[in-house]
There are 2 protein chains.
Amino acid sequence: MIRNLTEQDKEHLQEALIKSGQKVTPQREAVFTVLLAERDHPTVDEVFTRAREVMPGLSLATVYNCLETFVGCGLVRQVNHERESTRYCPNLAPHAHFRDKDTGRVHDIELPPEVLKSLRSILPPGFDSEVIEISFHGRAQAKDTHSN
Amino acid sequence: MIRNLTEQDKEHLQEALIKSGQKVTPQREAVFTVLLAERDHPTVDEVFTRAREVMPGLSLATVYNCLETFVGCGLVRQVNHERESTRYCPNLAPHAHFRDKDTGRVHDIELPPEVLKSLRSILPPGFDSEVIEISFHGRAQAKDTHSN
DNA sequence: TTGCGGATTAGACTCATTCTAACTGATTAG
DNA sequence: CTAATCAGTTAGAATGAGTCTAATCCGCAA
């Protein structure tokens, strides 16, 4: 279910929006709340559906707008796999994505700095990269059984 | 311009197609020729346009079909960046892609085995990945001036 | 109170890709 | 030598994620 934003998350949202000259609106709060409530890399449609439960008048275009704004503010990241619908991820730490072939689910994979560094090192001189996207595609065992 | 396939490339194509139970057709040869002629990661439309110069009756659907077949045979790789049109790449060696922000051009970046290995090592146990996609996004200096 | 500007809305539009149904042409069966 | 078969090809229709547009809304400043 969708809980309200914690004070801390709310401040985070407000700060990021205002810093990039954007306004805090109820729609943006609702969409952000949805993103934080379930960090399962939802598509725009999923965000839309979930947010409507809380704000029935919300339009799809607004969800697109809000998410675009958040990406612009650096509040969330877009995640693309092949040509499937874009998904959104509020995890800002550098990480890779693992796309489960069977479930379609996307998992965050922690990306240690030294691996990131070794990746950057393969770029020939003159190539200056701002963004690196790493995505794995395969099967993941159900991880319910917390390792024993 | 589009040269004919070398004998070697032609055999490569035939072998791969037949091995996966596919037929060698003039359309498939034309599309494959286009892919090998300019290894610049063309989109379907670009392949279509180029192939039409050589085979005017060729239809877009066929280009989609041919490319899909090639991917199935392991003859070429799909390359996706964000949600732009899919591009196709006949380089089968493991490599990453660098997408130039300014020109839109895609460059192959060699991927040394040890980097690949360190990447695989970040997957938690239970995660089994068949495909790893790595794409950089940024700016590349014009590489005309061979380093001095 | 009025006006302004950014945000929101519904719906039209775009465009890459997929689907469909008809056609082609090579190969096999009678 | 036909007919049947079947993968491949074709044109065009359909799909669907995402974008655009024009109208409306709403908070704030004059």
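Every heavy atom of this structure was used, including side-chain atoms; hydrogens, water molecules and symmetry mates were not. Letters A, B, ... mirror the listed sequences (proteins, then strands); counts begin at 1.
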Only distances under 3.5 Å count here; give the side-chain donor-acceptor pairs of residues 18-26 of chain A to other protein atoms, sequence neighbours excluded, each with its distance to 0.1 Å.
residue: A:S20; atom: OG; partner: A:A16; partner atom: O; Å: 2.9
residue: A:T25; atom: OG1; partner: A:R28; partner atom: N; Å: 3.1

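Applying the salt bridge (Lys or Arg N to Asp or Glu O under 4.0 Å) criterion to A:E84, with sequence neighbours excluded, gives A:R99. Checked against salt bridge (Lys or Arg N to Asp or Glu O under 4.0 Å), B:R139 has the following partners two or more places apart in sequence or in another chain: B:D102.
Using a 4.0 Å cut-off between charged nitrogen and carboxylate oxygen, B:D45 and B:R87 do not count as a salt-bridge pair.
Aromatic pair B:H97/B:H41: centroids less than 6.0 angstrom apart. Between B:F127 and A:H107, the distance separating the two ring centers is shorter than 6.0 angstrom.
The neighbour count for B:E7 CD, taken as heavy atoms of other residues, nucleotides or ligands under 6.0 Å away, does not exceed 12. Counted within 6.0 Å of CD on B:Q8, heavy atoms from surrounding residues, nucleotides or ligands total 12 or fewer; the atom is thus considered open.
No donor-acceptor pair closer than 3.5 Å links the side chain of B:H12 to the backbone N or O of B:K10.
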Intermediate values then yes/no, side-chain contact (heavy atoms from CB on, under 4.5 Å), A:R83 and B:R83
CA-CA 6 Å; A:R83 282 189 53 81; B:R83 282 190 52 82; 3.9 Å; yes
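Less than 4.0 Å separates DNA chain D from at least one heavy atom of each of the following residues of residues 58-87 of chain B: B:L58, B:S59, B:A61, B:T62, B:N65, B:R83. Taking every heavy atom of residues 12-29 of chain A and every atom of DNA chain C, pairs under 4.0 Å involve A:Q22, A:K23, A:T25, A:Q27, A:R28, by number.
Close approach of DNA chain C to chain B, defined as any atom under 4.0 Å from a non-hydrogen atom of the protein, starts and stops at C:dA16 to C:dT18.
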